2 protein chains.
Amino acid sequence: MTEQKKHNIWVVEDDHTFKSSLEDLIEMEDQFELVYSVNSIEKAFEGFATKRAPDVILEDIELPGMSGIEAISYYKKQYPRAAIIMLTIFDDDDRVFEAIKAGADGYLLKRSSGEEIIKAIKDVLNGGAPISPAIAKKMMRMLTGASSDKKESPLTKREQTILKLLVDGYTIDMISGELHISPFTVDTHTKNIYRKLHVHNRSSVVAKAIRDGLV
Amino acid sequence: MTEQKKHNIWVVEDDHTFKSSLEDLIEMEDQFELVYSVNSIEKAFEGFATKRAPDVILEDIELPGMSGIEAISYYKKQYPRAAIIMLTIFDDDDRVFEAIKAGADGYLLKRSSGEEIIKAIKDVLNGGAPISPAIAKKMMRMLTGASSDKKESPLTKREQTILKLLVDGYTIDMISGELHISPFTVDTHTKNIYRKLHVHNRSSVVAKAIRDGLV
DNA sequence: TTAAAAATACCGGGAACCCGGTATGGTCAA
DNA sequence: TTGACCATACCGGGTTCCCGGTATTTTTAA
């Protein structure tokens, strides 16, 4: 078979900039064809009726509305043979585990280079599972038991310090005074903590921190 | 016995002004000896190894770091025969009640006169317990109210329901929708929960609920 | 020696919280 | 039948949070 059919690709990503990069990247490859590119899961589902079936779906894991992980089962139901690659900014154990359990075939960090992303798509089409080295390492640890000997936190030192204080009920201003830094800085750290832990308010960050042993 | 040994006093108080007054007051009494005076619980614990055992410990109920109430059990373990008197600015029944349950022998309002303070110390050395009528009433109810012991939650059913939702990161409005009651009602319940658990914000209520197994 | 990550700092606006009140109907035990 | 407790509901005002930005310096890693 010297001549082979192009592989159909779907993209579901709400960040406009990254979405454009992906589109360009895919269109530059002869063997790929971008048949559908949308910015929400709801729109992706609309494609079930109108678009050519995908061989590969690239989907942001952190979409507004329905969680990207939740959507996986719907894709699988509609296109059992499609490979699903999740895209994410941060690599954390919870998400990886959930996504893989839900049926994702691969997992990519958004900061990967274009070459790495293309390679990942080709890998998954050949039955491989594109997992970033960092993620692979974490998965190994998960599978080889001992699961939580060290529980690597995705948070930086400073963020961990601030998280402890948040859990102890400190306000931004109190933390500012305690650490001798501007309240604006504390706010910034707090926002980053929220993003990394996938929460959107104090209560949830405290609950997650305690339950996951982050404090 | 006309001649008797002096009573050893420890002071744990972080307000410098009040701490000085206390020190002066105690040193003026012949039968008292101030053997250790510090401004934090951590420092107080250091005295376990180096200072003469106290007959009376005067401790601020509202210290930063470990709660003064929490510290009581440590003092009792170290010095079972020492009398512990809690110092408080406000006549906070709940706090004082908690302190007494934890093993405190009495409490004093900081605005008390020097004479009253000295009298309270002497009272407690003679087995008396300076308690306000309001506190006495609560204690009576608790004793006659049976059970209470164990880890019975002080929260009502409705409060427990709401607490669970708070821990899960729900806002007042979300809870209102979930339970089909007015947000004002949810607010009222929340305030009551705060009061009962002695916390003053979401973070603390979540942390306490999880750590105390209330959810 | 560079590029990336981390830590720092600032702003504005809308949302949510926190508190101290007041008030009313229902239930249940003394 | 009379307190008490509970669940419900409402208000105003000050505080704090949450988010989406932008931007500089310091530290770390390739």
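Keep in mind it's a predicted model, so treat the numbers as computed, not measured. We name chains A, B, ... by the order of the sequence lines, and we start the count at 1 in each one.
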Rounding to an integer number of Å, can you tell me how far [X] [atom1] sits from [N] [atom2]?
X: A/Lys191; N: D/dC17; atom1: NZ; atom2: P; result: 13 Å
X: B/Leu163; N: D/dA7; atom1: CG; atom2: C1'; result: 17 Å
X: A/Leu179; N: C/dA9; atom1: CG; atom2: C1'; result: 15 Å
X: A/Arg195; N: C/dA7; atom1: CZ; atom2: P; result: 13 Å
X: A/Gln160; N: C/dA7; atom1: CD; atom2: C1'; result: 14 Å
X: B/His189; N: C/dC17; atom1: NE2; atom2: P; result: 15 Å
X: A/Ile181; N: D/dT25; atom1: CD1; atom2: C1'; result: 15 Å
X: B/Ile172; N: C/dC18; atom1: CD1; atom2: C1'; result: 9 Å

Discussion item. At 4.0 Å (heavy atoms only), tell me whether A/Asn201 reaches a base, stays on the sugar-phosphate, or touches nothing.
Written reply: sugar-phosphate
Worksheet item: Contact class for A/His200 vs. all strands (heavy atom < 4.0 Å): base, sugar-phosphate, or nothing?
Response: sugar-phosphate
Where the side chain of [X] is concerned, which of [options] is the nearest nucleotide?
X: A/Thr185; options: D/dA7, D/dC11, C/dA9; answer: C/dA9
X: B/Arg158; options: C/dC10, D/dA7, D/dC11; answer: D/dA7
X: A/Lys157; options: C/dC18, C/dA7, D/dG20; answer: C/dA7

Hey, is the side chain of [X] pairing donor to acceptor with the base of [N] inside 3.5 Å?
X: B/Asp187; N: C/dC18; answer: no
X: A/Thr188; N: C/dC10; answer: yes
X: B/Thr171; N: C/dA16; answer: no

Any side-chain N or O of [X] below 4.0 angstrom from OP1/OP2 of [N]?
X: B/Arg202; N: C/dC17; answer: yes
X: B/Tyr194; N: C/dC19; answer: no
X: B/Thr156; N: D/dC5; answer: no

Worksheet item: Is A/Glu159 salt-bridged to A/Lys196, cutoff N-O under 4.0 Å?
Response: yes
Fill in: Lys/Arg N to Asp/Glu carboxylate O, A/Lys191 vs A/Asp187, below 4.0 Å
yes
Worksheet item: Starting at the 5' end of DNA chain D, which residue's closest nucleotide do you reach first, B/Phe184 or A/Asp173?
Response: B/Phe184
Practice prompt. Look at the aromatic rings of A/Tyr74 and A/Phe45 and report parallel, tilted or perpendicular, splitting at 30° and 60°.
Written response: tilted
Item to complete: State whether the side chain of A/Asp14 and the backbone N or O of A/Asn39 hold a donor-acceptor pair below 3.5 Å, judged by distance alone.
Response: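 Not a single qualifying donor-acceptor pair exists.
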Discussion item. If we ignore hydrogens and angles and just use 3.5 Å, is the side chain of B/Ser203 paired with the main-chain N or O of A/Val167 as donor and acceptor?
Written reply: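 No; judged by distance alone, with no hydrogens or angles, the pair does not exist.
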